[in-house]
Each structure stands twice: as structure tokens, then as C-alpha cells.
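Take a look at the structure set out below.
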Amino acid sequence: MLLFTPGPTPIPEFMRMAMSEPTIHHRTLEFESLFAKVRAGLKEILKMREVLMLASSGSGAMEACVTSLCTKKLLSVNSGKFGERFGKIAKAFNIPLIEIKNEWDTPVSLESILQVLKDNPDIDAFCMQVCESAGGLRHPYEEITKAIKAYNPNIMIIIDGITAMGVEPLEVSYVDALIGGSQKAFMLPPGMSIIGISQAAIAKIEERNIGFYFNLKTELKNQVKNTTAWTAPTTIIIGLYTFLEKLQEKGIDRLYQQTRARALATNAAMEGIGLRIYPKTPALAMTTIFNESSEDLRRILKNDFGVNVAGGQDHLKGKIFRINHMGFIALNEISWVINAIELSLERLEVRKFDGRANQIFLQKYYEMM
Ligand SMILES: *Cc1c(COP(=O)(O)O)cnc(C)c1O
């Protein structure tokens with residue numbers, strides 16, 4: 001079965017092999033030396049002042065950032081499940097919240113954000129996704145974070161880049177916390193989150209000193225010394241080390257270029273056989289198709305062609321399907337997925353198969369490579 005869901009993503013063999021070695025103890029020089037290399041590698045990719053790794057899924061890092069960086073009122077962008085999650089975190093901790101809600105295919109507008117900031121001078125933290133995975137939507141976070149800092153540089157900016165980190169180069173000049181997760185473009189097992197933090201965020205974290213397990217001050221104090229506050233997810237960190245090594249060898253720009261070409265060529269191929277891209281501004285992490293027969297399509301893809309793509313949630317359940325582009329993906333695999341989708345449309349008596357999708361995909365892909 002080809003796993004083509006936008007998280008978890010398949011773990012390449014070289015990483016599975018590395019992670020099958022005997023467990024190492026986390027309070028050893030061996031682990032500290034490995035952790036130091038992983039920290040350095042991540043800092044280079046994220047281009048942020050510091051980096052923290054937590055033994056939690058991405059939501060744990062979202063929670064830690066909200067509690068550590070917001071003291072008065074949070075402004076959150078909700079264009080889907082993950083934007084909604086920031087709001088739920090604020091509510092769980094009784095943090096006053098203003099939410100800007102849009103349909104899941106619609107990027108947030110800068111004007112709406114600036115208006116809320118003017119009406120609520122007590123907002124001291126802002127959070128949003130780069131890619132809202134619920135609908136495969138790309139928000140214009142660059143111009144938004146820049147405008148917020150220009151309006152009030154004291155507002156802490158928390159960016160969920162879980163489906164953007166390792167997908168495209170990220171502009172972090174106006175970001176205080178950039179969140180990532182192991183099971184997306186890093187192609188690791190679920191269970192570890194990553195936070196890139198700015199100098200201003202470090203100051204805030206130290207002043208706040210909040211929480212216990214998710215106390216970022218405690219983590220920071222330990223991680224700058226190449227150790228962790230609690231038992232580290234050693235196996236995932238070993239896997240991450242091999243990923244970073246591979247990236248060094250391949251070049252991260254090459255990974256970004258391939259991901260971009262794959263995503264844009266897939267979108268073109270899908271449109272070329274009459275399918276509709278759901279988001280108004282699609283992210284590169286995944287191709288999201290709006291189709292009323294999504295459940296039938298996914299069933300045929302799985303049963304007849306051995307391809308697993310993701311469906312939709314809540315009001316988009318049964319109405320969209322999502323194809324992953326994150327990570328190192330073999331061209332023959334995505335090419336097969338595209339073929340299988342075209343074949344499935346024939347089985348649904350929507351369109352006769354003529355190989356058009358793959359023709360467009362390969363042509364567009366090589367134009368961009
Ligand atoms: C996957 C994902 C998360 C994290 O979810 P977890 O289940 O906690 O790992 C957060 N934000 C986005 C945009 C995601 O795609």
C-alpha cells in the first residue's frame with residue numbers, strides 16, 4: 001500500500017534501519033553529541049535563534065507556545081481543524097481569545113487582522129498556520145507577520161509550520177515561534193514536535209516560566225546544554241539525524257524544488273482531467289481535491305490500486321481528498337498515484353482513461369526541474 005496521506009508520511013528504509021538499532025540511554029555523552037548535531041542541523045534549516053524538541057505530537061508544541069507566549073489575549077486564525085485547535089487550547093487555559101474564522105478554502109485577509117488588533121489593544125499574541133492542512137490551504141503568513149510586527153513589535157507571533165517545515169523555505173524574520181512535527185515532511189514516526197524560537201520569545205519564555213511538562217524555560221535550560229528535561233524520544237532523534245544527514249548530501253534546496261514541482265504538476269494534472277482544486281490558495285504540502293464522490297474514489301484507490309490518500313473532516317467529510325507531497329517521494333510513486341486516480345474516474349464512469357493526467361504531470365514536472 002502506498003501511503004500518500006499528508007501526515008503521517010512513509011518512513012524511508014534508511015531511516016527505519018537507523019531507528020532499529022538498540023536503544024541508547026538519553027543521559028549519556030553519546031546521546032548528547034547526537035542531540036547537539038541534530039540541534040545544529042535544525043537551527044540551520046529553520047534559521048531561528050534556538051530550537052527545542054519535545055516528546056509530543058505537534059499539538060503539544062502548540063499548547064506550550066500558547067501558554068508560554070500569551071499572557072493577555074490571543075488572536076487566532078481559524079480556517080480549519082488546526083486553526084480551530086489554537087482556539088481550543090486558549091479556551092482550555094482560560095486565555096481570552098479572538099478568532100477570525102473563514103471557510104476552509106479561504107486564506108485570512110490582512111485587513112481583518114489589522115482591524116481586530118486596532119479594536120483589541122490588549123492582544124499580546126497571534127497564531128496561525130502556514131498551511132492549514134484541513135483544506136490544504138496556504139495562508140499569506142509572510143505579509144501578515146510582517147504587518148503585525150510593524151503595527152506592534154511586542155505581539156508574540158506563533159506560527160504552526162507543521163505542514164510547511166521541510167516543504168518550502170520559510171520566512172521567519174517576524175516569527176517568534178515556528179512549530180514543526182516529526183510525522184510530516186521529516187518522515188519520522190509520530191511523537192516528536194519541534195519549536196524554532198526567536199530571541200524575543202526566549203526572553204518571554206524565561207519571564208513566564210509556566211507549566212510543568214511543557215515548561216519551555218525548563219526545556220530551554222536543558223536543551224542549550226544538549227540534553228532534555230525529561231526522557232528524550234531518542235529513537236526519533238536518531239531518525240532525524242539520518243534525515244538531516246541525507247538532506248546535507250542532497251541539498252535542502254533540491255528537496256524544496258522537487259516538492260514544489262511535484263505539487264504544482266499534480267495540481268495541473270488533476271485539473272487536466274476535470275477535477276477541482278479545493279483551496280483558493282493551495283499549499284505545496286498536499287493536493288486537495290473537492291469532489292462529491294471522494295469516498296468512492298478513495299475506496300477504489302485503496303482496494304484496486306493500493307493507494308491510501310486522506311479524506312476530509314467535519315463538513316468536508318466525503319467531499320475532499322488530499323494527496324501528500326511532503327518528504328522524499330519517488331517520482332514513480334506519485335506518478336502511479338496520479339494514474340490510479342485517472343483509472344478510478346473511469347471506474348466511476350466519470351471520464352474515459354487516456355493517460356492524460358500522467359502526461360500533464362510528467363511534462364509539467366520536468367519543466368520545473
Ligand atoms: C498534523 C498537524 C498538526 C499536529 O497535529 P498532531 O496530531 O498533534 O501531530 C498541527 N497543525 C497542522 C497544520 C498539522 O497538519
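Atoms within each ligand, like the ligands themselves, are counted from 1 in listed order.
- For atom 4 (C) of ligand 1, the closest non-hydrogen atom on the protein side is I162 CD1, 3.6 Å.
- Residue contacts with ligand 1, taken as heavy atom pairs separated by less than 4.0 Å, involve C131 solely via the backbone atoms N, CA, C and O.
- Salt-bridge check for E168 with R260: failed, with every basic side-chain N at 4.0 Å or more from each acidic carboxylate O.
- Taking a cutoff of 4.0 Å between a charged side-chain nitrogen and a carboxylate oxygen, R39 and E50 qualify as a salt bridge.
- The R85 neighbourhood of ligand 1 comprises atoms 5 (O), 6 (P), 7 (O), 8 (O), with distances under 4.0 Å to a heavy atom of that residue.
- The contact set between ligand 1 and T163, taken as ligand atoms under 4.0 Å from a residue heavy atom, comprises 13 (C), 15 (O).
- Numbered from 1 in the order shown, with element, the atoms of ligand 1 that lie under 4.0 Å from a heavy atom of K184 read 1 (C), 2 (C), 3 (C), 14 (C), 15 (O).
- K149 and D176 are joined by a salt bridge, as a carboxylate oxygen and a charged side-chain nitrogen come within less than 4.0 angstrom of each other.
- The protein heavy atom nearest to atom 9 (O) of ligand 1 is Q183 NE2, 2.8 Å.
- For a threshold of 3.5 Å applied to N or O pairs, the pair formed by G58 and ligand 1 contains at least one separation below that value.
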Checklist entry - Please walk me through it: do M165 and L46 pass side chain to side chain contact (heavy atoms under 4.5 Å, CB included)? => result CA-CA 8 Å; M165 209 180 262; L46 305 185; 3.5 Å; yes
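- Between D122 and K73 there is a salt bridge, since a side-chain N of the basic residue sits under 4.0 Å from a carboxylate O of the acidic one.
- At a 4.0 Å heavy-atom cut-off, ligand 1 does not touch E132 at all.
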Item to check | Full working for ring pair (Phe, Tyr, Trp, His ring centres under 6.0 Å) between F243 and F328 | outcome: CA-CA 10 Å; F243 172 82; F328 302 126; 5.5 Å; yes
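- Looking at E292 and R276, no side-chain N of the basic residue comes within less than 4.0 Å of a carboxylate O on the acidic one, giving no salt bridge.
- Ionic pairing of R356 and E342 is not present here: no N-O contact between side-chain nitrogen and carboxylate oxygen is shorter than 4.0 angstrom.
- Protein heavy atom at the shortest distance from atom 6 (P) of ligand 1 is S57 OG, 3.4 Å.
- Among protein heavy atoms, atom 11 (N) of ligand 1 sits closest to D160 OD2, 2.6 Å.
- Every atom of ligand 1 is numbered from 1 in the order shown, and the set under 4.0 Å from a heavy atom of S133 is 12 (C), 13 (C), 14 (C), 15 (O).
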